[in-house]
Colleague: 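One structure, pasted below without further comment.
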Amino acid sequence: MIDKRFTLAEALRDIADGATVMIGGFGAVGQPDFLVNALADQGATDLTVIANNAGWNRETGIPKLLDLGRVRKIVCSFPKNSPAFDDLFRVGKIELEIVPQGTLAERIRAAGAGVPGFYTATGVGTQMAEGKETRMFGGKEYLLEEALHADVALIEAWRGDRWGNLSYRGSGRNFNPVMAMAATCTIAQVHEIVELGEIAPDAVVTPGIFVNRIVAIPAEAKA
Amino acid sequence: MIDKRFTLAEALRDIADGATVMIGGFGAVGQPDFLVNALADQGATDLTVIANNAGWNRETGIPKLLDLGRVRKIVCSFPKNSPAFDDLFRVGKIELEIVPQGTLAERIRAAGAGVPGFYTATGVGTQMAEGKETRMFGGKEYLLEEALHADVALIEAWRGDRWGNLSYRGSGRNFNPVMAMAATCTIAQVHEIVELGEIAPDAVVTPGIFVNRIVAIPAEAKA
Amino acid sequence: MIPAGVTPLDRPQMAARLARDIPEGWFVNLGVGVPTQVADHIPADREVIIHSENGILGMGPAPAPDAVDPWLVNAGKKAVTLLKGAALFHHADSFAMIRGGHIDLCVLGAFEVAANGDLANWTTSSNDKTPAVGGAMDLAVGAKRIWILMEHVTRDGKPRLVEHCSYPLTAPGAVTRVYTNLAVLDVTPSGFAVVEMVPGLTLDALQALTAAPLVMASS
Amino acid sequence: MIPAGVTPLDRPQMAARLARDIPEGWFVNLGVGVPTQVADHIPADREVIIHSENGILGMGPAPAPDAVDPWLVNAGKKAVTLLKGAALFHHADSFAMIRGGHIDLCVLGAFEVAANGDLANWTTSSNDKTPAVGGAMDLAVGAKRIWILMEHVTRDGKPRLVEHCSYPLTAPGAVTRVYTNLAVLDVTPSGFAVVEMVPGLTLDALQALTAAPLVMASS
């Protein structure tokens, strides 16, 4: 029987020092903080984090990893409003790769879809184009952007089943479905584990083929 | 009030000679034959058709357009088993551009997503690579493939509302959602028009932003 | 200096002025800040579909404080509601809408707009300590139209409409129209063309607050 | 010629032999034709998730004739059913699964397989009157493993396992394993390695039916 349900500790155990870790979420919605906080406890360090932003609340999630000195580099579109990131960045203790939000989403999707590189108009004629290859299509200039892979994706979904099928709630999809596609090992925290078939075939947003492990958030962690 | 509900004749009226027309469907499922047959009646000719295959049953859909001599060129992955196509192709009366099925889907999606070109491993080292630009990523060779746009997309969905939101049934999505993204004017035939809100926000597969006109299939055409 | 006797629009008035020009049926993305207020001024009988880059089409007004769904926020991370007909999707699909040219209009704030439509709105320094671009560059190149909503001059009285941007660009040649607290201006091949000014303002007075030549729009 | 006393596998046996080697939990795409039959031979207590490139994961057995859903077909355009846990999606997402390396195994038929893993299975002529590639090239480069299921020789007795493919390639170096009606062979750096032969068959007899050198697999 296929069973992707893991305990929290088992799910994260093999995340190694030096790993590249995607972390889903946009604003407070869809952030896998239950997993990220457990990764802080697990201890892996020298991480490269790929996420839309660098968090804000120092008590939880990405800022917690940052304050513990676990993150060597962050790849994101909007690192503002994160005191934990600011403190490190100001003194040169963290690397930053800024990527426009749409390019970030598309680079992640490309990694999941077997596309090693693609062209985009975003960033042409700006400092984002520095050092990037360009090419003309139909008389217009475009930048070459490369796929962005990860060793691990930590994502949040609403419901999950033992095959790893996931559904989301509200604006909780955001980066989660594309990150699920782009990592060697995708680990999802879910609010409810349901029986196979309870997520109808046309309601599955992330099919289990993109998910390796699911962890149920216990009631006491949902406060 | 936004209202994308059209009569059949109004929906197709401005399709011009020389247009590039995407036609959804895979096998018998999700084929917009109600629209394609009406396009045959409408009379536009010198068309370029983009579709996964060239149909089979001569009485309906793409073969009907072919037999009427309306198609100058077809872009597809699998033109086999279509007597109408064979008859034209054998005597050099139709152009054919063969595209691997995944490359076809990705080129269409690219057009919808603002990606003018992307790289793929599909076709490397085969006759599909002839005349195509290649590039190395990580020591491996890839082909450059370009976005595939259309003037018009004819698609089939299951339910639609007056904003153009669509849901599908069974294996009926196939090429329809990506073609909806890639055309200047997307026209959908639907089995049922429902009130706004009846397709729940997380059940919308093709948001109305990708759809210009919807046409209800009348009961008598569903025989 | 704004001449005596001329009352600039306040922010709600600026948002309302812009909202008046959005026709029914457009898909519109509203930037964080004042642009977000545009949604509150679209007439109730005019259907305009608001897009949020975190995966929403068909956003409605802000919820009542006791009706907040914590699972639904907009690009500014604020709680929102959904209209009937709304759709939810992921980030790659959302930016496919933006980058694929499907959004009819994006309304953004700006630090500077140049006479050729160049837009600078993401950082005021090429040595920004924590540069953060978000979706600005994607929106600026992808939307069918970029309308800028901003004060005509900075707090220090420096013009924001300029010959050439001094700040790092968000995108070259992106802006088609500018709504300020003093005027509405089109970006044209011959530079900024004044479409409308607040009552009492003269072209000379507006020119004095603008660092690029102005022409009157032919109407 | 197949030696007297040797009984080649029939097609159901070939499909069953291959099915035995698919472990629980794999995501598997089955090509049109004999490969499709593999699904019928996976033990009922072993969960293997079947993918169809037209947008299905979790296909079940063919429906009873009176329970056909005309809205649900597989890549061979045949009516299918869905298992509990199935998922439906569009073509770009489906081929993202294939091309992004998410499919554990794809089983295809072939005209020829070369000793270096080159695969020719889409056309038998570079001047094909109506060439049709479908998803073969995507599957051949995208799936983690390509296993070929085919008769060892053509109807005319010509070997299908060759030194170099004479037909146009589907993909170079794609095949990892071949299941024929006579043997199971791995594609290795030293060519075809025989893993298993049908009872009574000798390596010499198999070599006589194969146009590339065979070695015995070290087990």
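Order of the sequence lines fixes the chain letters, A, B, ..., with proteins taken first and strands second; residue numbering starts at 1 for each chain.
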Colleague: Which heavy atom of D:Gly85 sits nearest a heavy atom of A:Trp163, and at what distance?
Modeller: O-CE3, 3.3 Å
Colleague: I need the residue from A:Gly197, A:Ala203, A:Pro201 with the largest number of non-hydrogen atom pairs under 4.5 Å to chain D.
Modeller: A:Pro201
Colleague: Quick check on D:Ile98 against chain A: is it the side chain, the backbone, both or neither that has a heavy atom closer than 4.5 Å?
Modeller: neither
Colleague: Answer with side chain, backbone, both or neither: which region of A:Asn165 has an atom nearer than 4.5 Å to a non-hydrogen atom of chain D?
Modeller: side chain
Colleague: Going by heavy atoms in the side chains, are D:Leu88 and A:Val204 under 4.5 Å from each other?
Modeller: no
Colleague: How about A:Ile209 and D:Ile103: do any of their side-chain heavy atoms sit closer than 4.5 Å?
Modeller: yes
Colleague: Give, for atom NZ of D:Lys84 and atom CD1 of A:Ile199, the distance between the pair rounded to the nearest 0.5 Å.
Modeller: 13.5 Å
Colleague: Most heavy-atom pairs under 4.5 angstrom with chain A, which of D:Leu82, D:Ile49, D:Asp104, D:Leu57?
Modeller: D:Ile49
Colleague: Under 4.5 Å between any side-chain heavy atoms of A:Leu196 and D:Leu83, yes or no?
Modeller: no
Colleague: Does the side chain of A:Arg162 reach to within under 4.5 Å of the side chain of D:Glu47, using non-hydrogen atoms?
Modeller: yes
Colleague: Supply the atom-to-atom distance A:Met1 CE to D:Asp45 CG, rounded to the nearest 0.5 angstrom.
Modeller: 12.5 Å
Colleague: Kindly give the heavy-atom pair with the smallest separation between D:Met97 and A:Phe210, and that separation in Å.
Modeller: CG-CZ, 3.5 Å
